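What follows is a short report on a single structure.
Atom set for the values below is all heavy atoms of this structure, side chains included, hydrogens, waters and symmetry mates excluded. Nothing here was measured: the structure is a model prediction, and the numbers come from that model. Residue numbers begin at 1 in each chain, while the letters A, B, ... track the order of the sequences.
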Protein chains: 2
Amino acid sequence: MNSEEEVNDFVKNGHQQYLPHLSIDPVIFGYHDQQLKILLHKWIGLDGWGLPGGFIRRREPLSQAAHRILQERTGLEDLFLQQFHVFGDSPYRLQERSAREFTEKYGLVVEKDNWLFERTLSIGYFALVDYSKVSVRTDFFTTDYRWWDISDIPPLLFDQNEVVDKALATLRLQIYHQPIGLNLLPEKFTLSEIHSLYETILGKELDQRNFAKKLVSLGLIKKLAEQRAIGPHRSPYLYQFEKDAYENALKQGIVHTY
Amino acid sequence: MNSEEEVNDFVKNGHQQYLPHLSIDPVIFGYHDQQLKILLHKWIGLDGWGLPGGFIRRREPLSQAAHRILQERTGLEDLFLQQFHVFGDSPYRLQERSAREFTEKYGLVVEKDNWLFERTLSIGYFALVDYSKVSVRTDFFTTDYRWWDISDIPPLLFDQNEVVDKALATLRLQIYHQPIGLNLLPEKFTLSEIHSLYETILGKELDQRNFAKKLVSLGLIKKLAEQRAIGPHRSPYLYQFEKDAYENALKQGIVHTY
DNA sequence: TTTGTATTCCGTAAATTTTACGGAATATTT
DNA sequence: AAATATTCCGTAAAATTTACGGAATACAAA
């Protein structure tokens, strides 16, 4: 959606294609090189940073909409994506927005009862991706984007700081119950790599040896015979996820601590 | 909403008062006397059992709407009520319903594009109450109700069996991380009572002694000096929740097993 | 070839938590 | 006083979690 024609059509006729009152706002966590970031877009007019949201098509299943929006924004398919909460309490979520303001900011003429100004509840999803593999796309409303370190999130639009906080809390709770890493690490990875991943996401240190013991004893990873030469020091062995156990743990959940 | 006038107004003009495309469908778990049940209403016309749902007012915060709906249906305020999932994937949730059918079943004349026939996503909440303290109210659409044992849920409308299953799974997972019982047990209760409560909810046996030890060691309950005379046998001591620890555990979560 | 550097690899003992389990105590009824 | 029904208590074994340091090794530089 970038040409003026498309944008106009979206604003004027979007309600025919999309459900009003609802948006999907994904918190996209990007991990790479021991850093955990989230993807934010700069919304023009509103002049602030916000989540890369989208709308649900009228005959589109909810989870499909979430995947589509993520795909449109990042080019990624088939990743860890999970619904975590609906936000509909904050004053921002109760307010209807003004058409005049919109016209001033975007230079588009719209009617007062345009669907975009109605009260909108936000369905929060979060995803976990390798941000070095993402090619972010912007559009008419979002001209710029940036990956922000989670320790350094700027003030966001509406109640989206709350959304991000809750997403992070959910992710950190979840990692105790479900495995993570399948699409974030190379097919074959070292213990250090997966260890760093978990430490970074949880934001705290984990004993290297006990951590590895735990994952192995849960049957989630297995040691390969291969090693990887990466520098002037002993070469680490490579590990692989046990797909079956991994899938199973995703579904069933695991009860444990690290 | 019971007079014909009110119902007509709701059907015709409800969209002015309520958000379309969204409903709140609470799964109300009722516990009493070692039985765990859920509240279902018999929906006339649709001729089946379903959850006692409701709609969100246009300027009403989401969680307030959930509490209101519960209050309207059960008379209860201030109880354990929690959002757990949005349902928008099942074919039922994509379908729009037909006006003709509606007219046939309810004898109300409605237009084809009435708001009630549009695709509706369901925001799932679950609550936990003492069903002996509930006075259920019905309305024009729901003439009858019944508490159904969770092991014996009938086929429900739409995708609501899935909703109920997920609610139960969430409850059972949650009880490992957050305390339960504050509004389900008397102010002062015996170990047997709280033990039965947990066994019933989890649907499995828990060692009596270890269970009590755990709750005490977590600081969630404390033993009182009083006993309660209840039969031709030794009288049990009474216990009370430690409110502070309880509230704290609700917020922070506990990591443990039983 | 040797030496230095950076990183990986491994295992055990102590502490804590969880599990398993049975017999004595006691309030009431007969 | 005896019978009945239920509560109360504690310990030992098993399992899990935690804490922790020194030898091995791949490469680079001398």
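Judged by distance alone, the side chains of B:Q34 and B:E199 never bring a donor and an acceptor atom under 3.5 Å apart. A:N248 and A:K251 share no donor-acceptor pair across their side chains, judged by distance under 3.5 Å alone.
Panel note: side chain B:D25, backbone B:S122; no donor-acceptor pair is recorded below 3.5 Å. Under the 3.5 Å distance criterion, the side-chain polar atoms of B:N161 are matched with a main-chain donor or acceptor of B:P154. A donor-acceptor pair is defined here as one N or O able to donate and one able to accept, closer than 3.5 Å; such a pair exists between the side chain of A:D207 and the backbone of A:N210.
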Produce a footprint string for nucleotides 23-30 of chain D: one letter per nucleotide, 5' end first; B if the base is under 4.0 Å from any protein heavy atom, S if only the sugar-phosphate is, - if neither.
BBBBBS--
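At whole-Å resolution of the value, CZ in B:R228 and P in D:dC8 are 11 Å apart. Following rounding to the nearest Å, B:L191 (CG) and D:dC9 (P) show an atom-to-atom distance of 9 Å. A:N210 places its CG atom 14 Å from the P atom of C:dT12, with the value rounded to the nearest Å. Whole-Å rounding puts the A:F211 CZ to D:dT16 P distance at 18 Å. As a whole-Å value, the separation of B:D207 CG from C:dG22 P is 11 Å. To the nearest angstrom, C1' of C:dC21 lies 14 Å from CD of B:E205. Rounded to a whole Å, the CZ atom of A:R209 is 20 Å from the P atom of D:dT16. If you take CD of A:Q208 and C1' of D:dA19, they are 15 Å apart, rounded to a whole angstrom.
Residue B:T190 is out of contact with every strand shown, counting any heavy-atom pair closer than 4.0 Å. At the heavy-atom level, B:K213 lies under 4.0 Å from base atoms of the strands shown.
In this structure A:R68 satisfies the salt bridge (Lys or Arg N to Asp or Glu O under 4.0 Å) test together with A:E60, A:E72, sequence neighbours excluded.
Note on B:K214: every side-chain N or O is 4.0 Å or more away from OP1 and OP2 of C:dT16. Residue B:S192 places at least one side-chain N or O under 4.0 Å from the OP1 or OP2 atom of D:dT7.
Between B:H177 and A:H177, the ring center distance clears the sub-6.0 Å criterion.
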